[in-house]
Amino acid sequence: MAEERIIPSPEEIEAADTLKMPGEIMEDKLSLDEAPAVAEGHKAGFVNIVGNPNVGKSTLMNDLVGERISIITSKAQTTRHRIMGIVNTPAYQIVFSDTPGVLKPKYKLQESMLDFSEGALTDADILLYVTDVVEDPTKNQEFLDKVAREKIPVLLVINKIDLLPDNAALEAIVSRWKELLPNAEVFPCSAKEHFNVDNLRNRIVELLPPSPPFFGKDALTDKPARFFVTEIIREKILLQYDKEIPYSAEVLVEKFEEKEHAIHIMAVIYVERDSQKGILIGKGGDKIKKVGIEARKDIEKFFGKRVYLELFVKVEKDWRNRENKLKAFGYIE
């Protein structure tokens with residue numbers, strides 16, 4: 001396999017911002033016997049967010065959680081994994097799940113992504129089906145039919161209403177969706193502008209079943225630290241490159257060495273062809289160097305520490321259709 005090593009110089013490592021994550025990253029779900037003692041009447045539940053690509057599921061997830069858990073870009077298929085964001089108060093715990101946009105798979109990676117979305121229909125206490133004001137309501141009709149058959153509460157979120165010219169346009173969209181999902185409660189909102197998101201959250205709390213918490217009350221997510229490093233790097237690739245490069249790239253953290261005031265990270269960016277590797281690196285390494293600098297800044301903000309980031313680029317032919325590589329990247333158990 002071809003390989004290229006890109007290491008930012010020490011002079012490029014700037015002082016970190018001090019944004020701290022509220023709570024520890026949790027890797028294991030607590031059993032009910034291990035759950036901490038809580039007040040009588042405590043509520044908890046799984047709220048799964050599903051819908052087609054590019055409707056704003058990740059933006060909504062981040063707004064509901066109050067933290068930047070999911071990466072966000074304007075490109076479809078930005079979210080590849082199922083990602084949990086956990087909201088805790090003394091009275092309740094909400095376990096939100098962001099999922100990949102529903103699509104017809106063209107290769108094994110997309111099959112795994114669809115499995116994440118369809119799996120979210122089977123283990124939710126409350127389902128958020130997210131659409132927006134521009135998409136065709138009948139897109140991916142088969143998945144929509146499954147949502148319509150759900151017996152659990154379904155909240156239909158019509159996102160991006162800030163793009164509409166008037167209330168009449170919104171009323172027409174709401175009317176159409178009520179025909180498709182007659183049992184769903186409709187919440188027009190704008191996640192980007194934080195419009196009506198608080199009302200949506202309040203309704204979720206009302207619908208939560210009585211239950212002890214499923215995770216520790218200081219937990220923010222179920223994902224380990226390395227996962228968020230890979231997502232931040234992948235976000236920068238999505239933002240910096242066009243065409244097939246972002247969709248052919250995957251990131252694997254091979255070293256995460258945390259000390260008191262700094263973190264040393266080594267990550268590998270995989271692509272499928274030598275030509276993609278050349279584009280990713282750029283002339284004299286200028287493109288990949290920019291990815292490294294931008295990623296490092298966000299990783300420093302995320303962990304509140306200085307970061308020394310090393311990036312490697314490797315060619316792994318047809319990794320999106322290879323089961324062993326998909327397992328290594330966490331898409332298949």
Side-chain angles (χ1 to χ4, degrees), residues 1-14 16 25 27 70-71 73 75 77-81 83 107-109 112-113 223-259 261-303 305-332:
M1 292 184 294
E3 178 177 331
E4 183 74 20
R5 185 179 186 182
I6 308 294
I7 308 176
S9 67
E11 289 77 19
E12 292 171 340
I13 300 181
E14 302 166 356
I25 294 175
E27 295 193 37
S70 294
I71 62 174
T73 78
K75 291 184 171 69
Q77 302 177 46
T78 294
T79 301
R80 288 179 173 174
H81 292 264
I83 306 169
Y107 38 81
K108 288 187 181 296
L109 170 62
S112 297
M113 291 164 61
K223 296 294 187 184
R226 290 178 180 226
F227 174 82
F228 293 95
V229 172
T230 66
E231 287 291 273
I232 289 170
I233 295 170
R234 197 168 61 81
E235 178 188 59
K236 303 313 172 189
I237 295 171
L238 282 157
L239 293 172
Q240 296 290 337
Y241 301 89
D242 295 320
K243 299 181 180 178
E244 83 278 5
I245 298 297
Y247 303 105
S248 299
E250 185 56 77
V251 181
L252 187 66
V253 173
E254 293 195 341
K255 180 179 181 180
F256 186 93
E257 186 177 280
E258 185 170 8
K259 297 182 179 179
H261 300 295
I263 306 173
H264 184 191
I265 298 168
M266 291 196 305
V268 177
I269 302 171
Y270 288 92
V271 291
E272 293 188 311
R273 297 194 298 272
D274 287 328
S275 60
Q276 294 169 347
K277 174 189 169 185
I279 295 170
L280 187 66
I281 293 172
K283 186 177 181 180
D286 60 335
K287 295 283 286 185
I288 193 66
K289 183 177 181 181
K290 186 174 182 181
V291 169
I293 292 171
E294 293 301 315
R296 176 181 49 75
K297 290 177 181 178
D298 278 7
I299 295 169
E300 287 179 338
K301 289 179 181 179
F302 191 85
F303 291 104
K305 291 185 178 183
R306 292 167 64 92
V307 169
Y308 182 60
L309 176 64
E310 296 179 88
L311 295 182
F312 297 77
V313 180
K314 294 183 178 181
V315 176
E316 191 68 70
K317 295 186 183 300
D318 199 31
W319 69 262
R320 290 181 294 179
N321 272 312
R322 292 170 54 190
E323 189 170 311
N324 63 328
K325 298 309 297 185
L326 294 176
K327 287 182 177 180
F329 296 141
Y331 295 109
I332 300 176

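Throughout, numbering of the chain's residues begins at 1 and tracks the sequence.
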Starting at CG of Leu280, measure out to CD1 of Ile245 and round the result to the nearest 0.5 Å. 6.5 Å
Below 30° counts as parallel, above 60° as perpendicular, anything between as tilted: where do the rings of Trp319 and Tyr331 land? parallel
Shortest non-hydrogen contact between Gly292 and Leu311, atoms and distance: CA-CD1, 3.7 Å
For Glu250, run the salt bridge (Lys or Arg N to Asp or Glu O under 4.0 Å) check against Arg80, Lys325, Lys314 and tell me which one passes. Arg80
I need the minimum non-hydrogen distance between Ile71 and Glu235, along with the two atoms involved. CB-OE2, 3.7 Å
Does the side chain of Ile263 reach to within under 4.5 Å of the side chain of Ile299, using non-hydrogen atoms? no
Do Ile83 and Phe227 make a side-chain contact, defined as non-hydrogen atoms from C-beta onward lying under 4.5 Å apart? yes
Give, for atom CZ of Arg296 and atom CD1 of Ile232, the distance between the pair rounded to the nearest 0.5 Å. 12.5 Å
Over 12 non-hydrogen atoms of neighbours within 6.0 angstrom of NZ in Lys75: yes
Does the distance from a Lys or Arg side-chain N to an Asp or Glu carboxylate O, for Lys223 and Glu231, drop under 4.0 Å? no
With a 4.5 Å cut-off on side-chain heavy atoms, are Ile288 and Ile269 touching? yes
Spacing of Ile265 atom CD1 and Glu257 atom CD [to the nearest 0.5 Å]: 11.0 Å
As a test of understanding, state which of Glu310, Arg306, Lys259, Glu258 forms a side-chain hydrogen bond (donor to acceptor under 3.5 Å, both in side chains) with His264. Glu310
With sequence neighbours left out, the residues meeting side chain to side chain contact (heavy atoms under 4.5 Å, CB included) with Leu252 are Tyr270, Phe329
When rounded to the nearest 0.5 angstrom, what is the spacing between CG in Asp318 and NZ in Lys108? 10.0 Å
Please report the closest heavy-atom contact between Glu300 and Val307, naming both atoms and the distance. OE2-N, 3.1 Å
Can you list the residues that meet the salt bridge (Lys or Arg N to Asp or Glu O under 4.0 Å) rule with Arg226, with sequence neighbours excluded? none
Is any side-chain heavy atom of Lys277 less than 4.5 Å from a side-chain heavy atom of Ile281? yes
Measuring from Lys297:NZ to Leu309:CG, what's the distance to the nearest 0.5 Å? 13.0 Å
Would you indicate whether the side-chain heavy atoms of Ile279 and Lys287 approach each other to under 4.5 Å? no
Heavy atoms of other groups near Lys255 NZ, more than 12 under 6.0 Å: yes
So that I know where these two stand, are Phe303 and Phe256 an aromatic pair - ring centroids less than 6.0 Å apart? yes
Salt-bridge contact Glu272-Arg320 (side-chain N to carboxylate O under 4.0 Å): yes
Grab the two heavy atoms, one from Glu323 and one from Ile332, that are nearest each other, plus how far apart they are. CG-CD1, 3.8 Å
Heavy-atom pair of closest approach, residues Val271 and Gln276: CB-OE1, 3.7 Å
Find the distance between OG (Ser70) and NE2 (His81) and round it off to the nearest 0.5 Å. 11.0 Å
Is the shortest heavy-atom distance from the side chain of Lys236 to the side chain of Asp298 under 4.5 Å? yes
